[in-house]
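Keep in mind it's a predicted model, so treat the numbers as computed, not measured.
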Amino acid sequence: MRVTTGTLLMVVGGLHQVVGLVLYRGPLWEMASAGVLASVPEDMGARAAAFWFLVAGWGMMLLGALARWVERETGRPPPASFGWGLLGLGVFLVVPMPVTGGWVLLPLGLLALRRAHRFVKALPGVPPEFLEGAHHVDVKTVESELSLREFVARLMSYQPAWVTALFTVRGVFVRLLGLRQVGVPQPRRLRAEDVPMSRGATAAFFTVRHAEEERAWVVGAEDSHLDAVLAVCVEPGPTLPRRFHVVTVVRYRNWAGPVYFNVIRPFHHLVVGAMARAAAGTLGSVATSGAPTVHR
């Protein structure tokens, strides 16, 4: 099995602890001789430095263990945000203190980003042209025994009252950006046999751009500020349940695109994640990933 990003982070945390035990052996021995209890002074002396050095190492090991568990349980890498977080932490460490082991977090962050990117590009059934030039891509993964049509029908039929309320709030927000929302979408029950599979057919406010039975269903919506694509793809295989990936691809068209999407992004993840769980018929968690692609 390939070494996971989480495993590498655990190794870094372990090496961090070994270095701390060697560099701070004097202060640590003083703490042990003082009985450990209340042996770290409030001022940032050598003992406090040793204490927080080891705390940071334990934190990296715990974070690595969590990432490793996610990777092995879901069969997918951590989201791109994890890689960006590692890069950000590395920069935060090396800028004020160039002589530091924080440099190792930079290649780890780049590796996490690369693996997240490759995972998205390898999703079954989604033609590469729908991912090229995207400014944002995220993936929600669930498991279900449904057919693709049944899954899509349940996905598109999900609109509880709180989602309708969010559409109402969105209508106010988009007007502030000079955009418009034509009414509030009303809940509708879509049957599996009524799921449109022909290119150019409409599904709510989306238009079908690509569809393959038991493989992928890709729809899109265009506006003046951005172009959005929603794709549902299923991993082929005889065993049940199968994995369904709900993919969102966003391309900005002008300045309002990133402003709009970054404001609604938390709600986007909340709504799409709930849609995926409802479609799968589970109240459990949904695995999330994301990866940036090269801008056009």
Side-chain angles (χ1 to χ4, degrees), residues 74-77 79-80 115-159 185 188-223 226-251 261 268-269 271-282 285-294 296:
T74 64
R76 59 189 298 170
R115 286 181 171 178
H117 175 72
R118 290 178 63 183
F119 171 78
V120 172
K121 297 290 272 186
L123 285 174
V126 180
E129 60 264 26
F130 292 111
L131 300 171
E132 291 176 358
H135 296 95
H136 172 85
V137 179
D138 67 72
V139 185
K140 317 295 182 192
T141 300
V142 293
E143 293 185 343
S144 175
E145 298 184 358
L146 299 176
S147 68
L148 176 63
R149 283 178 176 263
E150 291 170 333
F151 185 90
V152 170
R154 295 176 64 166
L155 182 85
M156 299 302 291
S157 299
Y158 181 78
Q159 189 177 326
R188 60 188 297 265
R189 191 70 179 174
L190 184 65
R191 298 180 303 175
E193 57 268 27
D194 296 330
V195 173
M197 300 293 287
S198 301
R199 184 181 178 89
T202 59
F205 47 82
F206 291 105
T207 301
V208 177
R209 298 185 179 178
H210 176 82
E212 296 180 57
E213 294 286 355
E214 293 307 313
R215 185 166 175 82
W217 188 75
V218 183
V219 294
E222 297 183 18
D223 210 329
L226 55 75
D227 176 75
V229 170
L230 176 68
V232 178
C233 54
V234 56
E235 292 186 8
T239 59
L240 296 176
R242 297 179 297 172
R243 282 182 178 171
F244 285 81
H245 304 288
V246 181
V247 187
T248 302
V249 184
V250 178
R251 296 179 182 84
F261 186 73
H268 158 77
H269 289 296
V271 171
V272 178
M275 291 172 64
R277 287 191 296 270
T282 176
S285 61
V286 53
T288 304
S289 184
T293 58
V294 180
R296 288 183 294 195

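Applying the side-chain contact (heavy atoms from CB on, under 4.5 Å) criterion to E213, with sequence neighbours excluded, gives R149, M197. Scored by the side-chain contact (heavy atoms from CB on, under 4.5 Å) test, A203 finds P196, W217 as partners (sequence neighbours excluded). Annotation: side-chain contact (heavy atoms from CB on, under 4.5 Å) contacts of S157 (sequence neighbours excluded): R189, L190. For the ring pair (Phe, Tyr, Trp, His ring centres under 6.0 Å) test, residues two or more places apart in sequence or in another chain that qualify with H268 are F261. In this structure D194 satisfies the salt bridge (Lys or Arg N to Asp or Glu O under 4.0 Å) test together with R191, sequence neighbours excluded. Residues meeting the side-chain hydrogen bond (donor to acceptor under 3.5 Å, both in side chains) test with S147, sequence neighbours left out: E150. Looking at residues two or more places apart in sequence or on another chain, you find a side-chain hydrogen bond (donor to acceptor under 3.5 Å, both in side chains) between E214 and R242. For F130, the ring pair (Phe, Tyr, Trp, His ring centres under 6.0 Å) criterion is met by no residue, not counting sequence neighbours. A search for salt bridge (Lys or Arg N to Asp or Glu O under 4.0 Å) contacts involving E222 returns R209, R253, not counting sequence neighbours.
The minimum heavy-atom distance between L155 and A276, with the atom names listed, is CD1-N, 3.8 Å. Of all the heavy atoms in C233 and V247, the pair that sits closest is SG-CG2, 4.4 Å. When all heavy atoms of P79 and A116 are compared, the pair lying nearest together is C-CB, 4.2 Å.
Atom CG in L146 sits 6.0 Å away from atom CZ in F244 (nearest 0.5 Å). The CZ atom of R243 sits 5.5 Å away from the CD atom of E143 when rounded to the nearest 0.5 Å.
Side-chain contact check for K140 versus T248: every heavy-atom pair is 4.5 Å or farther apart. Using a 4.5 Å heavy-atom cutoff, the side chains of M275 and V246 are not in contact. With contacts defined as side-chain heavy-atom distances shorter than 4.5 Å, the pair H245/E235 qualifies. In this structure, the side chains of V271 and Y158 stay at 4.5 Å or more apart for every pair of heavy atoms. Between V232 and F151 there is a side-chain heavy-atom pair separated by less than 4.5 Å.
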